[in-house]
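Only heavy atoms go into these numbers, but all of them, side chains included; no hydrogens, no water, no symmetry mates. Counting starts at 1 for both ligands and their atoms, following the listed order.
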Amino acid sequence: MSLLVAVTGRNNEKLIAKLQSLLPNEQVVEWGKDVTTCEVEFVLAWNPPSDLWKRLPNLKAISSYGAGVDTLLAQPELPDVPVARIVDPNLAVSMSEYVLHAIGHFKLRFNQYLNNKNELLWKPRRVKAGNKVGILGLGQLGKQVAVKLKDLGYEVSGWSNSPKTIAGVSCFSGEKELTTMLESLDYVVCLLPLTENTQGILNKSLFDKLPQGAVLINVARGDHLNEADLLSALESGQLAGAALDVFSTEPLPATHPFWQQQNILLTPHVSAVTSVETASEQVAQNYHRVKQGQAIHHAVNQKVGY
Ligand code: GLV
């Protein structure tokens, strides 16, 4: 039995070394190197090649190398085996820090001061009024971001597919309640899983339900956003700004109009970066479970997509 690391687009040296140290008696192999595919029973994957799966006749389980599994589940030839994701409390910490910074960027007017600095302009302004933050998606990350912002004094609401209760956070669910929540927000944060139902949810119809001058923060997936609708909403002033960490095409192409938008804070998918340490520990544990014929931890429900 061996563990195949099919994590593309990054240097996996540390990851492989960590996994090998946790699984000293097992074969840890990397996609693209000399792999005996029939021995592979467990794959750790991130953007794996789509022709990978048919070469693995003995595959028993897959783990995403991240909190999200959408790109994995979208692979047409994904075999019918359990899929796990990484659940790391530290991801919620960095996600909360990112969201807080993104709010502050607009609330404290750092977006304007950055430009003023280029023009040697000393122009103090009051902070932007409004501290109502709505979180779309109250899963592992959304829930903890909501609680952290609430503890800092923000007026926080959250919206999820199924009804949730979080102390001190106003919780909404279902289509109608989404409209009610949006109507009062200063900041809307997308932390939804990407599914058929949530693809393109950040669109004109949603933006129009927000008060004029609200700010969008998307830290979920690029495909949640209708990019043309965002550009129009920024142009018309319906939205005052957006902080975007995720994009339909990553890396964002140099010709993309988002690069030129002064009111878009743009970062390269860094809001909650998987920790090599935590991911390796969870993968090693799941590998042992598979070997012993036990169910894996943090398995996703592949029908609902998260
Ligand atoms: C990052 O986007 C992840 O899904 O972990």
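Residue pairs that meet the salt bridge (Lys or Arg N to Asp or Glu O under 4.0 Å) test with at least one member in residues 2-22, sequence neighbours left out, are Lys18-Glu277.
For the side-chain contact (heavy atoms from CB on, under 4.5 Å) with Asn218, the lone residue among Leu230, Asp245, Leu192, Leu244 that qualifies is Leu244.
Here the side chain of Asn58 pairs no donor or acceptor atom with the backbone of Val40 at under 3.5 angstrom. Under the 3.5 Å distance criterion, the side-chain polar atoms of Thr8 are matched with a main-chain donor or acceptor of Asn47.
The aromatic rings of His269 and Trp46 sit perpendicular, their planes meeting at an angle over 60°, well past the 30° parallel limit.
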side-chain contact (heavy atoms from CB on, under 4.5 Å), that's the test. Do Tyr187 and Lys107 meet it? Break it down for me.
CA-CA 10 Å; Tyr187 300 88; Lys107 190 174 176 59; 3.2 Å; yes
Once you restrict both partners to nitrogen or oxygen, which atoms of ligand 1 have a protein partner under 3.5 Å, and how far apart are they?
from: ligand 1; atom 1: 2 (O); to: Arg221; atom 2: NH1; distance (Å): 2.9
from: ligand 1; atom 1: 2 (O); to: His269; atom 2: NE2; distance (Å): 2.7
from: ligand 1; atom 1: 4 (O); to: Ala67; atom 2: N; distance (Å): 3.4
from: ligand 1; atom 1: 4 (O); to: Gly68; atom 2: N; distance (Å): 2.7
from: ligand 1; atom 1: 4 (O); to: Arg221; atom 2: NH2; distance (Å): 2.8
from: ligand 1; atom 1: 5 (O); to: Ala67; atom 2: N; distance (Å): 2.7

